[in-house]
Amino acid sequence: MLYHALTEGGVFIFDIAQPGQIVAGNTTKGFTEGKDWIVLVEKEENQENETLIRRIITLRKVGETYRRDEEIHSLRLYNAKDIAEALDGSIPVWPPV
């Protein structure tokens, strides 16, 4: 079906998150910063549910004050080999798995 939805020469691009990013039972925390902003990230993987939860907090300076935003990203984790097999060779997969 997907193949027929593409125009001739069209490309279907998607990405997946795979399991095993975080050791079971652990939570990772990190940050990235710039001159007037910072992004804080907390990640936890649930191997039983095959999900990854990312809590992202951003602080950015606006005038003399800072604005704070918070997002929660809940991702379903997939094994790339399983996805490639599900496509059953009907669509070329890159990078090859």
Side-chain angles (χ1 to χ4, degrees):
M1 283 193 214
L2 177 61
Y3 176 80
H4 297 294
L6 294 173
T7 60
E8 186 175 338
V11 177
F12 176 69
I13 299 174
F14 66 100
D15 66 352
I16 62 170
Q18 295 195 81
Q21 296 185 33
I22 300 167
V23 176
N26 287 349
T27 299
T28 64
K29 296 180 181 186
F31 68 92
T32 302
E33 63 183 315
K35 181 182 175 201
D36 294 335
W37 57 270
I38 190 165
V39 177
L40 311 163
V41 180
E42 179 180 85
K43 297 189 288 187
E44 186 172 0
E45 184 174 326
N46 182 320
Q47 293 179 343
E48 184 177 311
N49 295 335
E50 298 181 319
T51 56
L52 176 71
I53 304 298
R54 285 190 215 140
R55 180 174 171 230
I56 304 167
I57 298 171
T58 57
L59 297 163
R60 59 187 170 87
K61 190 171 185 178
V62 178
E64 295 299 314
T65 62
Y66 281 83
R67 293 220 176 141
R68 181 185 190 277
D69 290 307
E70 183 171 344
E71 301 176 15
I72 303 288
H73 295 185
S74 179
L75 287 79
R76 170 93 159 105
L77 301 174
Y78 296 94
N79 183 299
K81 188 173 182 173
D82 294 341
I83 298 296
E85 289 173 1
L87 293 172
D88 194 27
S90 60
I91 300 173
V93 176
W94 186 90
V97 292

### Message
Has Glu45 got a side-chain atom pairing as donor or acceptor with Gln21's backbone, closer than 3.5 angstrom?
### Response
yes

### Task
Output yes when a side-chain donor or acceptor of Asn79 lies under 3.5 Å from a complementary backbone atom of Lys81, and no otherwise.
yes

Anything under 3.5 Å between a donor and an acceptor, one on a side chain of residues 26-43, the other on a protein residue two or more places apart or in another chain? List them.
none

### Query
Quick one: side chain to side chain donor-acceptor pair (under 3.5 Å) pairs with a partner in residues 58-77, sequence neighbours left out?
Glu50-Arg76, Arg55-Glu70, Arg68-Glu70, Glu71-His73

#### Entry: Residue pairs passing the salt bridge (Lys or Arg N to Asp or Glu O under 4.0 Å) test where at least one lies in residues 13-22, sequence neighbours excluded
none

### Query
Transitive ILVMFWY cluster of Ile53 at side-chain heavy atoms under 4.5 Å: who else is in it?
Ile72

### Message
I need the Leu52 CG to Leu75 CG distance, nearest 0.5 Å.
### Response
5.5 Å

